[in-house]
Amino acid sequence: MSCGVRELAKLLNSTLLNSLTFLGGFMLDARFIRENINVLKTALKKRGYEINLSEFIAFEQERLGLMQKAEELRNRRNVVSAEIGRLKKQGQGAEDLVKEMKGVSDRIKEIDEILKGIEEKTGQFLLNIPNIPHESVPIGKDETENIEVRRWGTPPEFDFEPLNHWDIAETLDIIDFERGAKIAGTRFTVMKGLGARLERALMNFMLDLNTSKGYKEIFPPILVSKECMTGTGQLPKFSDEIFRTVDPEFYLIPTAEVPVTNIHREEILAEELLPIYYTAYTPCFRREAGSYGKDVRGLIRQHQFNKVEIVKFTKPEDSYAELEKLTGDAEDILQKLGLPYRVIALCTADMGFSASKTYDIEAWLPGQQRYREISSCSNFEDFQARRANIRFKREGKKGTEFVHTLNGSALAIGRTVVAILENYQQKDGTVVVPEALRHYMGTDILK
RNA sequence: GGAGAGGUGGCCGAGUAGGUCGAAGGCAGCCGCCUGCUAAGCGGUUGUGGGGGUAAAACUUCACCCAGGGUUCGAAUCCCUGCCUCUCCGCCA
């Protein structure tokens, strides 16, 4: 029965976001919303999001009424203007009609002004509503209620006290934290020698593995427009977390998800193109505002880091199966690298704004004696597709539908470096290179 | 950065003294007919989003000729701004 609720809620969400006239040219089914307010409220409450729709609905009713009025007037204007043309052609005067139409046009302008104001308000309101969680997502109030789905591998045992990656890296002289700070400030690092090489090896290894599975390699722009950021859901709500250039205005991508998902913005895809699989290496940039005390040492939390991402566009009926496959593809990388990990299903309160369902993959870090996030795999259903207006057309069917978008890290490279250094460290301070990387590294040991 | 040209439907391409243009024509596609197969030929058809309407259709209406403003009774057609593309010059990895 929760399924029925879910379906309703989904439909409702669809309808809501449809009203972004200034984004995609959609309109909103106000009646449907009026009849289903409670469904939406309940669904979002699971996330801890309280929604107040009463003002919105009032605006909607007003908007619909005004729109109809304006359309009537436009129709009148179209008809009469044609008549005026006809009369003039026959050499007859039409002063009365012209005068009347002048009034009509002014009236239309007035109404349009009001409509614009309303649409601006409702549009902003809608852009700030998070996605509705999938029914399979555990309900919870914070991250303690996430659920561990499975584990792979066994944390290594050491006959010595395992070090943190920053200590290992310092000894090996492969990561220079101080000079990173000198050049750019805190949360920046310089990778050197085998460290730089390891970073590059991981990029290549991941891209090669992903492309061998049918993901098409993409190398996108790293500065993007505001529209892209809105399309994938980073804006307008999370401007604090993003770097921005001022003149001209660009946004530095926090993840390849942004440019890669927006590849198909404003497009209608042919059914046979789906599913589309992309993989992309990009640098990523994050402000990390509000995390001042966290992970101040080491590579875990940087303003700039490298990541290989995978992105999928699918038909709605396939997206959850694709999420499992996508997560599996990310896990495969860790398995090939021999890094122990666990998979976590995020609960309703811990999921990102745009996601319907998310699995985090956490790698074991001996230096911290705990699992840390190394990948996040999400199904956004049609949330991003609505914002970015990405649709597809079914063979032989009228109209279009929104695609579902998914993405996941495969993987975050900096954190993979951390996991390798800490899991493969040896008593003498050297680090064994995982089998799968030796070809890329040209060595089997970091020393 | 300087000087020009241009942005029309899936594609090509008309439309420039503003009026019945959602937009000629061609191609491609689809549906029929015809031909023993293929090609050619004939007829029809083919956009997106919204409102009203319907059980669903039919039907009706509004918007969309890069985007946003403006002029006008009326704009694909005129004016302004922005974005993008192309050519030439300069500069540069």
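Letters A, B, ... are given to chains in the order of the sequence lines, protein chains preceding strands, and every chain is numbered from 1. Computed from a predicted model, the values in this text were never measured in an experiment.
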Watson-Crick or G-U wobble partner for B/A57, using a 3.5 Å limit on both distances?
none

Along RNA chain B (nearest heavy atom to each residue), the more 5'-positioned of A/Gly85 and A/Val98
A/Gly85

Sugar-phosphate, base or nothing in reach of A/Lys69, heavy atoms under 4.0 Å:
nothing

Does B/G49 have its OP1 or OP2 closer than 4.0 Å to a side-chain nitrogen or oxygen of A/Arg391?
yes

Taking only the C1' atom of each, what is the distance from B/A58 to B/C83 in whole angstrom?
42 Å

Just the rounded figure in Å: distance from P of B/C66 to CD of A/Glu227.
19 Å

In whole angstroms, the gap separating C1' of B/A63 from CG of A/Leu115 amounts to 13 Å

Quickly work out the A/Asp112 CG to B/A63 C1' distance and round it to whole Å.
11 Å

Using a 4.0 Å heavy-atom cut-off, does A/Lys89 contact any base of the nucleic acid, only the sugar-phosphate backbone, or nothing at all?
base

Between B/C12 and B/A28, how far apart are the P atoms? Round to whole Å, please.
15 Å

B/A63 pairs with, by Watson-Crick or G-U criteria that keep both distances under 3.5 Å:
B/U48

Pairwise C1' distance, B/G19 and B/C33 [rounded to whole Å]
41 Å

Under a 3.5 Å cut-off for both distances, is B/G18 Watson-Crick or wobble paired, and to whom?
none

By the Watson-Crick or G-U definition, both distances under 3.5 Å, B/A93 is matched with none

I'd like to know whether the aromatic ring centres of A/His134 and A/Tyr320 sit less than 6.0 Å apart in this structure.
yes

For A/Tyr277, is the NZ or CZ atom of A/Lys312 found under 6.0 angstrom from the centre of its six-membered ring and inside 45 degrees of the ring axis?
yes

Using whole Å, report how far CZ of A/Arg76 lies from C1' of B/U60.
18 Å

Donor-acceptor pair, distance only, cut-off 3.5 Å: does the side chain of A/Arg391 make one with the backbone of A/Glu266?
no

Taking for each residue the nucleotide of RNA chain B bearing the nearest heavy atom, is the 5' side occupied by A/Ala82 or by A/Lys116?
A/Ala82

From C-beta outward on A/Arg77, which listed nucleotide comes closest to its side chain: B/G74, B/U48, B/C62?
B/G74

May I ask which nucleotide in the shown strands pairs with B/U77, Watson-Crick or G-U wobble, both distances under 3.5 Å?
none

Quick one: is A/Ser105 getting a side-chain N or O under 4.0 Å of the B/G74 phosphate, OP1 or OP2?
yes

Nucleotide opposite B/U85 in a Watson-Crick or G-U pair, distances under 3.5 Å:
B/A5

Short side-chain N/O contact to B/G10 OP1/OP2 from A/Lys393, under 4.0 Å
no

Given B/C73, B/A63, B/U61, the nucleotide with the shortest approach to the side chain of A/Arg74
B/A63

Between A/Lys109 and B/U71, does any side-chain N or O lie under 4.0 Å from OP1 or OP2?
yes

Counting any heavy atom closer than 4.0 Å, what does A/Ile84 reach on the DNA or RNA strands: base, sugar-phosphate only, or nothing?
base

Considering only heavy atoms from C-beta outward, does the side chain of A/Asp295 approach that of A/Glu288 to under 4.5 Å?
no

A/Lys226 NZ to B/A67 C1': how many Å, rounded?
16 Å

Examine B/G74: is either OP1 or OP2 under 4.0 Å from a nitrogen or oxygen in the side chain of A/Asn78? Give yes or no.
no

With both distances kept under 3.5 Å, what pairs with B/C37, Watson-Crick or G-U wobble?
none

To the nearest angstrom, the CD1-C1' distance between A/Ile108 and B/U72 comes to 13 Å

Euclidean distance for P, B/C42 against B/C27 (whole angstrom):
10 Å

Donor-acceptor pair, A/Thr348 side chain versus A/Met351 backbone, under 3.5 Å?
no

Inter-nucleotide P distance (B/A40, B/C30), Å rounded
13 Å

Round to a whole Å and report the spacing from CD of A/Glu60 to C1' of B/G50.
12 Å

Does A/Gln68 make a side-chain donor-acceptor contact with the base of B/G52, cut-off 3.5 Å?
no

With the threshold set at 4.0 Å, does a side-chain nitrogen-carboxylate oxygen contact exist between A/Arg76 and A/Glu100?
yes

Compare side-chain N and O positions of A/Asn75 against OP1 and OP2 of B/U61 and report whether any pair is under 4.0 Å apart.
no

Say you pick atom P in B/G49 and the same atom in B/U85; how far apart are they, in whole Å?
28 Å

Rounded to whole angstrom, note down the C1' distance from B/C37 over to B/U46.
28 Å

Same-atom distance (C1') from B/U8 to B/G47, integer angstrom:
13 Å

Taking the six-membered ring for Trp and the single ring otherwise, decide whether the centroids of A/Phe313 and A/His264 are under 6.0 Å apart.
yes

Is it true that A/Asp332 and A/Lys336 make a salt bridge, defined as a side-chain N closer than 4.0 Å to a carboxylate O?
yes

Between B/U20 (P) and A/Arg86 (CZ): distance, integer Å
10 Å

Look through every strand shown and name the nucleotide pairing with B/G32 as Watson-Crick or G-U wobble, where both distances are under 3.5 Å.
B/C42

